[in-house]
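Every chain is numbered from 1, with letters handed out A, B, ... down the list of sequences. Not measured: the values here are computed from a predicted model.
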Protein chains: 2
Amino acid sequence: MFSKACEYGIKAAIFIAVNSSENKRVSPKEISEEIDSPQAFTAKILQALVRHQVVKSIRGAYGGFEIEKDKIATIKLAQIVYAIDGDNIYKGCGLGLHTCNENHPCPVHDKFKVVREELREMLENTSLEQLALDIKSGVSFLKI
Amino acid sequence: MFSKACEYGIKAAIFIAVNSSENKRVSPKEISEEIDSPQAFTAKILQALVRHQVVKSIRGAYGGFEIEKDKIATIKLAQIVYAIDGDNIYKGCGLGLHTCNENHPCPVHDKFKVVREELREMLENTSLEQLALDIKSGVSFLKI
DNA sequence: TTTATTTCGGATAAATTTATCCTATTTGTA
DNA sequence: TACAAATAGGATAAATTTATCCGAAATAAA
Ligand code: FES
Ligand code: FES
């Protein structure tokens with residue numbers, strides 16, 4: 001469904017959100033340990049999230065990654081997925097036709113678009129804040 | 001969403017169904033031309049579909065691929081996806097945790113499983129026959 | 001200003017997926 | 001039986017994704 005990079009990106013963003021809500025910056029090392037991902041690869045993905053302004057990086061001593069507290073509630077999963085995997089998952093044809101087009105539909109178009117639309121809404125309506133809360137309260141988990 | 005192999009497999013199965021309903025066997029060459037896919041790779045995927053008994057192959061002169069007419073209505077997309085991509089798309093965790101587990105959910109579990117469930121139902125309830133009919137009547141398309 | 005710390009970014013490697021090529025095997029027909 | 005036509009399958013290559021490594025650049029503190 002999502003690429004590994006995207007899975008790591010989502011989990012990393014949640015972990016950063018959890019920590020930022022407690023005024024703590026985190027390093028790629030901490031992040032990759034907490035989400036069980038390869039460190040250098042995770043760092044690359046974090047760079048992408050920085051470029052797309054999902055997370056903020058502070059270089060140098062006492063630096064790390066953070067998300068401004070008042071942004072945590074506004075950042076949606078969709079932004080993260082878009083930053084890493086692009087928009088093919090929302091817009092692309094399920095059978096790989098060049099474009100998903102009502103006027104030139106593939107055989108599964110009508111049925112597929114319903115599922116894809118539901119996925120899109122889910123991603124657009126789910127904020128980092130909601131996900132971070134469940135991690136904080138121990139209801140959900142980032143690894144294993 | 002689906003792998004290229006799976007996209008080709010679905011389109012190939014639909015094309016075979018269309019032809020089998022008219023008592024025509026088709027070759028990998030015809031198939032790959034009609035669904036716009038690499039021929040040798042498509043042939044490999046067809047082998048997998050044969051092993052999973054989704055399509056039938058007849059070797060030797062006058063051979064080709066076919067689906068027994070009365071099976072066309074019973075074959076569901078789910079069988080094809082399962083044969084090629086496995087069941088991770090139905091059962092796997094959206095964030096890549098080892099197992100999707102109610103007792104150890106990832107942050108998106110509750111929301112993701114709804115979408116995944118809808119996808120599963122769609123795949124399990126959509127038959128080759130329905131899809132082949134739209135191709136026959138020119139309502140849907142296998143390429144471009 | 002020097003030093004320690006930390007992210008950035010380019011180069012490279014490993015693994016997986018996608019794609020190609022060639023030969024073996026099967027099968028119907030002459 | 002010999003031949004032609006067709007799928008099966010192994011070996012290999014190309015492309016993409018995933019992962020690692022290392023030096024450059026930035027920053028805070030001493
Ligand atoms: S054309 Fe294939 S999903 Fe719309
Ligand atoms: S645990 Fe992640 S989707 Fe169920």
Using a heavy-atom cut-off of under 4.0 Å over every strand shown, decide if [X] touches base, sugar-phosphate, or nothing.
| X | result |
| --- | --- |
| B/Val26 | sugar-phosphate |
| B/Ile58 | sugar-phosphate |
| B/Gly60 | base |
| A/Arg25 | nothing |

[X], [atom1] atom: more than 12 neighbouring heavy atoms under 6.0 Å:
| X | atom1 | answer |
| --- | --- | --- |
| B/Gln53 | CD | no |
| B/Tyr82 | OH | no |
| A/Lys91 | NZ | no |

Spacing of [X] atom [atom1] relative to [N] atom [atom2], expressed in whole Å:
| X | N | atom1 | atom2 | result |
| --- | --- | --- | --- | --- |
| B/Asp85 | C/dT17 | CG | P | 9 Å |
| A/Gln39 | C/dT7 | CD | P | 9 Å |
| B/Arg51 | D/dG10 | CZ | C1' | 12 Å |
| A/Ile45 | C/dG9 | CD1 | P | 15 Å |
| B/Leu46 | D/dA8 | CG | P | 8 Å |
| B/Glu30 | D/dA5 | CD | P | 15 Å |
| B/Gln47 | C/dT25 | CD | P | 15 Å |
| B/Ile84 | C/dT18 | CD1 | P | 11 Å |

Exercise. Are OP1 or OP2 of D/dT18 and a side-chain N or O of A/Tyr8 less than 4.0 angstrom apart?
Worked result: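 No, because none of the side-chain N or O atoms of A/Tyr8 sits under 4.0 Å from OP1 or OP2 of D/dT18.
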Exercise. Under 4.0 Å between a side-chain N/O of A/Ser57 and OP1 or OP2 of C/dC8, yes or no?
Worked result: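 A/Ser57 to C/dC8 OP1/OP2: side-chain N or O found under 4.0 Å.
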Problem set entry | Base of D/dT27 paired with side chain of A/Arg59 (donor-acceptor, under 3.5 Å) |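 Not at all, since no donor on one side and acceptor on the other fall under 3.5 Å apart.
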For this session: Between A/Pro38 and B/Val50, just flag the one whose closest nucleotide in DNA chain D comes earlier from the 5' side.
Result: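 Here B/Val50 is the residue nearer the 5' end.
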Exercise. 5'-most contact on DNA chain D: A/Thr42 or B/Ala43, nearest heavy atom basis?
Worked result: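 The answer here is B/Ala43.
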Looking only at the side chain of [X] (C-beta and beyond, no hydrogens), which of the listed nucleotides [options] gets closest?
| X | options | value |
| --- | --- | --- |
| A/Ser3 | C/dT18, D/dT18, D/dT20 | D/dT18 |
| B/Phe65 | D/dT27, D/dA19, D/dT7 | D/dT7 |
| B/Ala61 | C/dT5, C/dT26, D/dA5 | D/dA5 |
| A/Tyr62 | D/dT18, D/dA28, C/dT27 | D/dA28 |

Exercise. Is the closest side-chain donor-acceptor distance between B/Lys71 and B/Ser20 under 3.5 Å?
Worked result: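 No - no donor-acceptor pair under 3.5 Å links their side chains.
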For this session: Provide the closest heavy-atom pair for A/Ser37 versus A/Thr42 in the form atom of the first, atom of the second, distance.
Result: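 For A/Ser37 and A/Thr42, the tightest heavy-atom pair comes out as OG-OG1, 2.6 Å.
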Exercise. Relative to the ring of B/Tyr8, is the ring of B/Phe41 parallel (under 30°), tilted (30 to 60°) or perpendicular (over 60°)?
Worked result: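 The arrangement is perpendicular - the two ring planes meet at more than 60°.
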